[in-house]
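Reviewing the structure listed below.
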Amino acid sequence: MNGPVPVSLPSGSEAATPLVRVRQVSKFFGSFRALNDVSIDIPHGRVMCIVGPSGSGKSTLLRCLNQLEKIDAGAIAIDGELLGFRLQGDALHELSDAEIARQRLKTGMVFQRFNLFGHLTAIENIIEGPVTVLKRPKKEAIEEGEALLARVGLASKRNSYPSQLSGGQQQRVAIARALAMKPKLMLFDEPTSALDPELVGEVLAVMRALALSGMTMAVVTHEMGFAREVGNELVFMDHGEIIERGDPRVVLDHPANARARDFVNAVIK
């Protein structure tokens, strides 16, 4: 393990510079290498779908993008800012917890489990971050939260507690809660895997609309139809490495790698 290294960021317009740059990132848990020399770019307004078998490193990659895990080698930059470190001269200095928390505001993350606060209503869950963390006026946060609830089709559930909502409704509240923090990047870690099949569509519809609105997204998913329809790039991971990537329709219809081909055939069939 060589330790994190600087990312060379290109100059140029926002449109020309990817929002997310991952360079030669590795992550270890003890002697287990969860990520091995991973490099990707996610341009502004694009949707990257990440697929692969269980344990392939997909969720670990998202957690590194959100700094829930510290990388052991390589570097990540979001919106032109190196994550977790400050480069001074030729030396890297690790950021404080407060500085990392500030950087984390650039990303919103939606997990497999909804992680809503059970003692708070839908609107209270949504405004908690803006009011507590961003110090937004409560009235303003409530107005924006109500608009987000309407956006995810849950305006009538404003005062409902999580226990009064279906799994799909809870996940849509979780998406609204993440959007309330105004992130530049949305991360989805298999957001439909814990849902009953009949509830999957309502969550995917919200994600589809979000993608169409221009939100930059990285989505770990087994929903190949969503990846085909909405994704701009599909990345297949196995054993912590990216072994195939490209246009989702090409990768899903004609995977070049044998391991990717076996996985796609098993999932689609």
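- By the criterion of side-chain heavy atoms lying less than 4.5 angstrom apart, applied directly or through intervening Ile, Leu, Val, Met, Phe, Trp or Tyr residues, Leu35 is grouped together with Ile42 in one hydrophobic cluster.
- Remark: Phe226 engages no residue in a ring-ring contact (aromatic ring centres under 6.0 Å, His included) (not counting sequence neighbours).
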Inset, instruction - For Leu234 and Arg245, run side chain to side chain contact (heavy atoms under 4.5 Å, CB included): C-alpha distance rounded to whole Å, both residues' side-chain angles, the deciding distance at 0.1 Å, then the answer. - result: CA-CA 5 Å; Leu234 187 140; Arg245 62 192 302 173; over 6 Å; no
Inset, instruction - Would you please test Glu94 and Lys70 for salt bridge (Lys or Arg N to Asp or Glu O under 4.0 Å) and show each step? - result: CA-CA 11 Å; Glu94 193 166 356; Lys70 291 183 179 180; 2.6 Å; yes
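- Side-chain contact check for Pro53 versus Asp238: some heavy-atom pair is nearer than 4.5 Å.
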Inset, instruction - Could you go through the side chain to side chain contact (heavy atoms under 4.5 Å, CB included) check for Met186 and Leu179 one step at a time? - result: CA-CA 8 Å; Met186 282 289 288; Leu179 291 173; 4.0 Å; yes
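- Here the closest heavy-atom approach between residue Ala174 and residue Val110 is recorded as O-CG2, 4.3 Å.
- Shown here for Ile126 and Ala176, the closest heavy-atom pair between the two residues is CD1-CB, 3.7 Å.
- Looking at heavy atoms from C-beta onward, Leu82 lies in side-chain contact with Leu92 at the 4.5 angstrom threshold.
- For the pair Leu204/Thr221, no side-chain contact is recorded, criterion being any heavy-atom separation below 4.5 Å from C-beta on.
- When all heavy atoms of Glu244 and Asn257 are compared, the pair lying nearest together is OE1-N, 2.8 Å.
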Inset, instruction - Kindly determine whether Ile76 and Ile71 satisfy side chain to side chain contact (heavy atoms under 4.5 Å, CB included), including the steps that lead there. - result: CA-CA 9 Å; Ile76 300 173; Ile71 63 175; 3.9 Å; yes
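- Between the NE2 atom of His44 and the CE atom of Met215 there is a distance of 12.5 Å, given to the nearest 0.5 Å.
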Inset, instruction - Please step through salt bridge (Lys or Arg N to Asp or Glu O under 4.0 Å) for the pair Arg33 and Asp72, ending with a clear verdict. - result: CA-CA 10 Å; Arg33 187 191 291 259; Asp72 294 308; over 6 Å; no
Inset, instruction - Could you walk me through whether Lys58 and Glu190 pass the side chain to side chain contact (heavy atoms under 4.5 Å, CB included) test, one step at a time? - result: CA-CA 10 Å; Lys58 310 182 300 297; Glu190 299 193 30; 3.8 Å; yes
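- His222 is linked by a ring-ring contact (aromatic ring centres under 6.0 Å, His included) to Phe263, counting only residues two or more places apart in sequence or in another chain.
- Rounding to the nearest 0.5 Å places CG of Leu19 at 5.0 Å from OG1 of Thr216.
- One distance of note links CG of Leu195 with CD of Gln169; it measures 11.0 Å at 0.5 Å rounding.
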Please table the atom pairs, donor to acceptor, closer than 3.5 Å between any side-chain atom in residues 142-151 and protein atoms at least two apart or in another chain.
residue	atom	partner	partner atom	Å
Glu144	OE1	Arg136	NH2	3.1
Glu144	OE1	Lys182	NZ	3.3
Glu144	OE2	Arg136	NH2	2.6
Glu146	OE2	Arg158	NE	2.6
Glu146	OE2	Arg158	NH2	3.3
Arg151	NH2	Ser213	OG	3.3

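- Counting heavy atoms from C-beta on, the side chains of Val173 and Leu154 come closer than 4.5 Å.
- Note that CD of Glu69 is 11.5 Å distant from CG of Leu61, once rounded to the nearest 0.5 Å.
- Nearest heavy-atom pair across Pro162 and Leu116 is CG-CB, 3.9 Å.
- Across all their heavy atoms, Met237 and Ile242 have their closest contact at CG-CG1, 4.1 Å.
- Between the Arg172 side chain and the Val152 main chain, a donor and an acceptor come within less than 3.5 Å of each other.
- Salt bridge annotation for Glu81-Arg102: present, with a cationic side-chain nitrogen under 4.0 angstrom from a carboxylate oxygen.
- Look at Asp41 and Arg23 and you find a salt bridge, because one of the NZ, NE, NH1 or NH2 atoms lies within 4.0 Å of a carboxylate O, short of that distance.
- Counting heavy atoms from C-beta on, the side chains of Ile175 and Met207 come closer than 4.5 Å.
- Side-chain contact check for Ile127 versus Lys138: some heavy-atom pair is nearer than 4.5 Å.
- Residues Phe114 and Leu199 share a hydrophobic cluster, clusters being chains of Ile/Leu/Val/Met/Phe/Trp/Tyr side chains in contact below 4.5 Å.
- Ser166 approaches Glu202 most closely through the heavy-atom pair OG-OE2, 4.1 Å.
- Cluster partners of Leu134, using a side-chain heavy-atom cutoff of under 4.5 Å among ILVMFWY residues and allowing indirect links, are Leu105, Val133, Met181.
- Residues Ile40 and Met48 meet the side-chain proximity criterion, which asks for heavy atoms closer than 4.5 Å.
- Taking hydrophobic clusters as Ile, Leu, Val, Met, Phe, Trp and Tyr residues chained together by side-chain heavy-atom distances below 4.5 Å, Ile50 does not share a cluster with Val230.
- Between the side chains of Asn159 and Thr121, no donor-acceptor pair of N or O atoms lies under 3.5 Å.
- Every residue meeting the side chain to side chain contact (heavy atoms under 4.5 Å, CB included) condition with Leu68, not counting sequence neighbours, appears here in chain and number order: Arg63, Asn66, Arg104, Met109, Phe111.
- Grouping the Ile, Leu, Val, Met, Phe, Trp and Tyr side chains by contacts below 4.5 angstrom, directly or via other members, places Val38 with Val235.
- Criterion: ILVMFWY side-chain heavy atoms under 4.5 Å apart, direct or through other members. Under it, Ile78 and Val22 are part of a common hydrophobic cluster.
- Phe117 belongs to a hydrophobic cluster whose other members, connected by ILVMFWY side-chain contacts under 4.5 Å either directly or through intermediates, are Leu120.
- Gln103 places a side-chain N or O within donor-acceptor distance of the main-chain N or O of Gly84, the cut-off being under 3.5 Å.
- Between Gln24 atom CD and Ser39 atom OG the span is 5.5 Å, to the nearest 0.5 Å.
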Inset, instruction - Show the numbers, then the answer: is there a salt bridge (Lys or Arg N to Asp or Glu O under 4.0 Å) between Arg46 and Glu233? - result: CA-CA 8 Å; Arg46 308 289 276 180; Glu233 183 174 21; over 6 Å; no
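- Counted within 6.0 Å of CZ on Arg113, heavy atoms from surrounding residues, nucleotides or ligands total 12 or fewer; the atom is thus considered open.
- Taking OG from Ser26 and CG from Asn36, the interatomic distance works out to 5.0 Å, rounded to the nearest 0.5 Å.
- For the pair Leu210 and Met217, the minimum side-chain heavy-atom distance is below 4.5 Å.
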